Number of protein chains: 2
Amino acid sequence: MSGKMNLKQLAEHLQLSPTTVSRALNGYPEVKEATRLRVEAAARAVGYSPNAWAKGLATGRAMAIGHVMPVSKSHEMVNPVFGDFITGASEAYLRAGYDMQLTLVDDEDEAMRYRNLRRRGLVDGIIVHAPLPADERIALLREIGLPFVVHGRASELPDDYAWIDMNNRRAFERATEHLLALGHRRIALVNGPERQDFALRRREGVLTALAAQGIEADPALLSSGEMTERLGYTATREMRALPDPPTAIVAASMVVALGIWRALRDEGVTLGREVSVVAHDDDLGYLRNGGDVPVFTATRASVRDAGRRAAEMVLEMIRDPSCAPLQTLIEAELILGQSTGRAPS
Amino acid sequence: MSGKMNLKQLAEHLQLSPTTVSRALNGYPEVKEATRLRVEAAARAVGYSPNAWAKGLATGRAMAIGHVMPVSKSHEMVNPVFGDFITGASEAYLRAGYDMQLTLVDDEDEAMRYRNLRRRGLVDGIIVHAPLPADERIALLREIGLPFVVHGRASELPDDYAWIDMNNRRAFERATEHLLALGHRRIALVNGPERQDFALRRREGVLTALAAQGIEADPALLSSGEMTERLGYTATREMRALPDPPTAIVAASMVVALGIWRALRDEGVTLGREVSVVAHDDDLGYLRNGGDVPVFTATRASVRDAGRRAAEMVLEMIRDPSCAPLQTLIEAELILGQSTGRAPS
DNA sequence: TTGAAAGCGATACCAC
DNA sequence: GTGGTATCGCTTTCAA
């Protein structure tokens, strides 16, 4: 019933040629409607599904998209948004009949892996995650000739490839503007790892907002690192020890914000009074599920949406390889909460 | 150089037969060492890698493991541990030359997807994520005859399949014991979704510890749902409104704990004095990166490790299909922090 | 509208 | 040790 049954056997069973059965199953127009129905019914009945390897070999198409995620040998965190992103992507793949292949690569042998992916023919397209400002993979993939979409951007490279990205720069600019409007002048940033492109853009956004008010950024108020609670904690303690500590802090993620809160609590400082905190949330969907949290600038749902759109973009590029590079910029929501207050006078 | 080049062409180039080249590249013993070296050098030089489809068709092996993750149509969260788990798994696959195929399925058409995976021959084995207490997939996969390892367990089913799991029951039992030892008697649990097996086990752990002290659980102190900040917040507010509110709370995750903290803060309650909080952390690795946080019972690193071991288990099962079901139980660490204190007298 | 047969690119059996 | 060749299961001309 559901055992092994191949096209040839199915064809014999139906008293038809493999050719016709294949055509019927793949929606070719030249097959008679009655025949098609008969074939489809039989296929369903015996639980036939084509052997993917034979199909791939014959067609040259993989019907699969590769997601490639760099993971340092060192214990770097896997960004929690990753799960949401691929959830969205898989929705699109499901609809289109594509599979998703996941490859985690060490930074070192990345190039080789891509070439392999291509030559082995396992994927028809690729989504590149976590790009660096001058990411080499972009040139590499173009050379290889595999359609690809970058989740994020490589700011130092010419903007002529396909990408989908949150407007990190603008989101952090707005968050900072918000704090400035509340009268804050000593505004700190606890940022993600600044070798990553997204973190650089976030930093730019903060600096832009400050500059617009004629404030020059104090390097002592700019911190960055892996987005952990520890980062938030230590950065805050250090900044609080400054002669002129910050009155407001922009946090790169809720996890970081948690560390900040702990640090402030340990110093007996009241959140929203002596110090205001604004956090970007792309990691845990507090907002969508939650209530009156601090300031947030992206929602979990939008990450999933980004994944879906990224997937649709690659599929489109596969369909029409000659099309101009698709680019999608997603604006973050800005939502205010209770942990921000006016600057103390 | 890196263009298309197949075995036959490589063989011609080398003045050898495809057979020999294939053998040389696949480490067959009967090929002369000198020949092997020559072939390998040439393969590297021209950038040859075998076509995966042809290979799969010829060998019948997919050299890929499928990870199947159920995702409800509704906006259920993707558990953040997922990213760490597959990171670990991919390390093992990389070493063994396997690929990872990711399939996210709606609850409904799961069965079909598994059958498809099998028939299309895309994977040699499967890792099942997020099992339910009486998960049907286990019977299904066994019937299909595909080697599989469950990440988690299905408590209501006979324990005769391969799994890897954290000892959730014991972890929560110990956390509760800790609170009991501090003199707490009104102990609340804010749990994950209890249709999931892991959440059920956690609940059992808490109840066991309470029962051991002759305390019967108050249903009003047992809350469960999606592990969001909102859950922690609302559950805490509701419990605090009880005539006899809890003096200690066990939280299913750090995210939930965050909501609890917010709720307590909003009520002007001091953490660790009036109310103690103990949180399970399998999501964000505070511990590994962090400092004196509350009580934690699992670390991020251990999730990654679990992924690696799960992968090794499937590979082992593929190697030796007749072996007894492998089962791995991982004990969680228990680490105490500053947000727990003696029960107020 | 249907069928016969030639690939697709590897592996593996059987000779030599 | 090495080489010829059938084989895996499907798609896709080309004929009928």
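Heavy-atom basis, side chains included; hydrogens, waters and symmetry copies ignored. Worth saying up front: this structure is predicted, and the values here are computed from it rather than measured. Lettering of chains follows the sequences in order, A, B, ..., and the numbering in each one begins at 1.
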Colleague: Can you establish whether the number of heavy atoms outside B:Glu136 located under 6.0 Å from its atom CD is more than 12?
Modeller: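 Check fails, neighbour count at 12 or below.
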Colleague: Examine D:dG9: is either OP1 or OP2 under 4.0 Å from a nitrogen or oxygen in the side chain of A:Asn51? Give yes or no.
Modeller: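 So the side-chain polar atoms of A:Asn51 never come under 4.0 Å of the phosphate oxygens OP1 or OP2 of D:dG9.
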Colleague: Verify, without hydrogens or angle tests, whether B:Arg23 (side chain) and B:Tyr28 (backbone) share a donor-acceptor contact under 3.5 angstrom.
Modeller: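 Checking the backbone N and O of B:Tyr28 against the side chain of B:Arg23, no donor-acceptor pair under 3.5 Å is found.
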Colleague: What is the distance from atom CD1 of B:Ile144 to atom CG of B:Leu140, rounded to the nearest 0.5 Å?
Modeller: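 Between atom CD1 of B:Ile144 and atom CG of B:Leu140 there are 4.0 Å.
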Colleague: Ignoring hydrogens and angles, tell me if any N or O in the side chain of A:Thr20 forms a donor-acceptor pair with the backbone of A:Leu16 under 3.5 Å.
Modeller: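 Flag not set: sc A:Thr20 to bb A:Leu16 has no pair under 3.5 Å.
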Colleague: Nearest whole angstrom, please: distance from the P of D:dA16 to the CD of A:Glu30.
Modeller: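 In whole Å, D:dA16 P and A:Glu30 CD are 18 Å from each other.
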Colleague: What are the residues of residues 31-40 of chain B, sorted by number, that bring a heavy atom to within less than 4.0 Å of DNA chain C?
Modeller: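 Nucleic-acid contacts, sorted: none.
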Colleague: Go through the structure and list residues passing ring pair (Phe, Tyr, Trp, His ring centres under 6.0 Å) with A:Phe85, not counting sequence neighbours.
Modeller: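 In terms of ring pair (Phe, Tyr, Trp, His ring centres under 6.0 Å), with neighbours along the sequence ignored, A:Phe85 is linked to A:His129, A:His151.
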Colleague: Whole-Å distance between D:dC10 P and B:Leu57 CG?
Modeller: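 It is 9 Å, rounded to the nearest whole Å.
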Colleague: Check this for me: does any side-chain nitrogen of one of A:Arg308 and A:Asp84 sit under 4.0 Å from a carboxylate oxygen of the other?
Modeller: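 Answer for the salt bridge query: no.
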Colleague: Restricting to non-hydrogen atoms, name the atom on A:Leu157 and the atom on A:Asp135 that form the minimum distance, rounded to 0.1 Å.
Modeller: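 Scanning both residues completely, I find the closest heavy atoms to be CD2-O, 3.3 Å.
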Colleague: Within this structure, what is the CG-to-C1' distance between A:Leu7 and D:dT12, rounded to whole angstrom?
Modeller: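 It works out to 13 Å between those atoms.
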Colleague: Between B:Ala54 and B:Tyr28, which is nearer to the 5' end of DNA chain C once each is assigned its nearest nucleotide?
Modeller: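 The residue mapped nearer the 5' terminus is B:Ala54.
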Colleague: Using a heavy-atom cut-off of 4.0 Å to chain B, what are the terminal contacting nucleotides of DNA chain C, in 5' to 3' order?
Modeller: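 Result: C:dG9 to C:dC13.
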Colleague: Any side-chain to backbone donor/acceptor pair from A:Trp53 onto B:Ala54? Under 3.5 Å, distance only.
Modeller: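 The answer is no, because no donor-acceptor pair under 3.5 Å joins these two groups.
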Colleague: Is any NZ, NE, NH1 or NH2 atom of the basic residue among A:Asp165 and A:Arg153 found under 4.0 Å from an Asp or Glu carboxylate oxygen of the other?
Modeller: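 Between A:Arg153 and A:Asp165 there is a salt bridge, with a charged N closer than 4.0 Å to a carboxylate O.
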Colleague: Identify the residue among B:Val128, B:Val105, B:Ile127 that makes a side-chain contact (heavy atoms from CB on, under 4.5 Å) with B:Val68.
Modeller: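 The passing option is B:Val105.
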Colleague: Of the non-hydrogen atoms in B:Val150 and B:Tyr161, which two are nearest, and what is the gap between them?
Modeller: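 For B:Val150 versus B:Tyr161, the nearest heavy atoms are CG2-CD1, 3.8 Å.
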Colleague: When you measure from every atom of DNA chain C, which of residues 12-27 of chain B have a heavy atom less than 4.0 Å away?
Modeller: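 Heavy-atom contacts with DNA chain C come from B:Thr19, B:Ser22, B:Arg23, B:Asn26.
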Colleague: Between the side chains of A:Arg309 and A:Glu312, is the shortest nitrogen-to-carboxylate-oxygen separation below 4.0 Å, so that they form an ion pair?
Modeller: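 A:Arg309 and A:Glu312: not salt-bridged.
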Colleague: Distance-only criterion, 3.5 Å: show the donor-acceptor pairs between side-chain atoms of residues 90-98 of chain B and protein atoms not counting sequence neighbours.
Modeller:
unit_1: B:Ser90; atom_1: OG; unit_2: B:Thr87; atom_2: O; d: 3.0
unit_1: B:Tyr93; atom_1: OH; unit_2: B:His67; atom_2: NE2; d: 2.8

Colleague: Check DNA chain D for consecutive Watson-Crick or G-U pairs with both distances under 3.5 Å and list the runs of at least three as stems.
Modeller: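 In DNA chain D, stems of three or more pairs: C:1-16 with D:1-16.
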